[in-house]
Amino acid sequence: MDLLKQRILNDGEALNENVLKVDSFLNHQIDPLLMKEVGQEFINRFEDVEFNKVLTLESSGIAPSVMVGLLLDIPVVFGRKRQSLTLSDDLYTSQVFSYTKQETNTIAVAKKFLSKDDKVLIIDDFLANGEAAGALIDVVEQSGAEIVGVGIVIEKAFQSGGKILRDKGYRVESLARIVSMYDKQVKFVGDN
Ligand code: 5GP
């Protein structure tokens, strides 16, 4: 997706070889027009599958997910992150180790919002080691719902998450795939 790649090149900041800061359009300030294009691109990529719900993770997955929900008129559910969680029978929970924050969170989704009849598209802002997406997959599997695919705004293809998910058979569609960030230069898969 050229618009997104160009925006990453213009406004993204590689903090080091591993972490990309995109807080001017995705992670803090949000560019709604770009998010709308991102939402439309996810819809195009998953045009051949049916789904009735989007599942994401708070907070940065919400903006792109809501655009998909709005354009298709389907609900968006986000996993809530909590440091410690009082166990509840009404929740599906899973553990996520956050690579950027170096801490483990529990994510929770209310059982009433996911059922075995749902067909779910999972969306997140970044894919790095696959922890967040893996936890979202885990809660969908607990619910018995079907996962139609995983949509990622920015995949860091030099980290293991994409390979892990694809090797497990999940369909992963990433709108921008970064191959390296040496010397703070962002390079995408397919660049020379
Ligand atoms: P994973 O769970 O795949 O290791 O990492 C994905 C999650 O960590 C995303 O939900 C995102 O919030 C955060 N993350 C991972 N790498 C980056 C990065 O380079 N930049 C930003 N802004 N967030 C990241």
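Order of listing sets the numbers, starting from 1, for every ligand and every atom in it.
- Between Leu26 and Pro64, the closest side-chain pair of non-hydrogen atoms falls below 4.5 Å.
- Across all non-hydrogen atoms, the minimal contact from Gly61 to Ile123 is O-CG2, 4.5 Å.
- Asp167 and Lys163 are joined by a salt bridge, as a carboxylate oxygen and a charged side-chain nitrogen come within less than 4.0 angstrom of each other.
- Close N/O approach between Phe126 and ligand 1 is not found [any backbone or side-chain N/O within under 3.5 Å].
- Side-chain N or O atoms of Ser174 include none that pairs as donor or acceptor with a backbone N or O of Ala176 at under 3.5 Å.
- Looking at ligand 1, you won't find any N or O of Leu127 less than 3.5 Å from one of its N or O atoms.
- The shortest heavy-atom distance from Leu15 to ligand 1 is not under 4.0 Å.
- Of the protein's non-hydrogen atoms, the one nearest atom 5 (O) of ligand 1 is Ala128 CB, 3.5 Å.
- Between Leu20 and ligand 1, an N or O atom pair is found at a separation short of 3.5 Å.
- Not a single heavy atom of Ala133 sits under 4.0 Å from any atom of ligand 1.
- Here Asn27 has side-chain heavy atoms under 4.0 Å from ligand 1, and that is the only part of it that gets that close.
- When only interatomic distances are considered, the shortest N/O to N/O separation between Asn129 and ligand 1 falls below 3.5 Å.
- Residue contact check: Asn18 has heavy atoms under 4.0 Å from atoms 19 (O) of ligand 1.
- Counting heavy atoms closer than 4.0 Å to ligand 1, residue Lys156 contributes side-chain atoms (C-beta onward) but none from N, CA, C or O.
- Within ligand 1, counting atoms from 1 as listed, the ones closer than 4.0 Å to a heavy atom of Asp124 are 9 (C), 10 (O).
- Per-residue contacts place Ala132 under 4.0 angstrom from the following atoms of ligand 1 (heavy atoms of the residue considered): 2 (O).
- Atoms of ligand 1 lying under 4.0 Å from any heavy atom of Glu131, numbered from 1 in the order shown and given with element: 1 (P), 2 (O), 3 (O), 4 (O).
- Looking only at side-chain heavy atoms (C-beta outward), Leu121 and Val49 stay at 4.5 Å or farther from each other.
- Using a 4.0 Å cut-off between charged side-chain N and carboxylate O, Arg45 and Glu47 make no salt bridge.
- The shortest N or O to N or O distance between Val19 and ligand 1 is not below 3.5 Å.
- In summary, Lys5 and Glu37 do not engage in a salt bridge, as defined by a charged side-chain N under 4.0 Å from a carboxylate O.
- With contacts defined as side-chain heavy-atom distances shorter than 4.5 Å, the pair Ile43/Val68 qualifies.
- Here the side chain of Lys119 pairs no donor or acceptor atom with the backbone of Lys53 at under 3.5 angstrom.
- Within the 4.0 Å heavy-atom criterion, the part of Asp125 lying near ligand 1 is the side chain and not the backbone.
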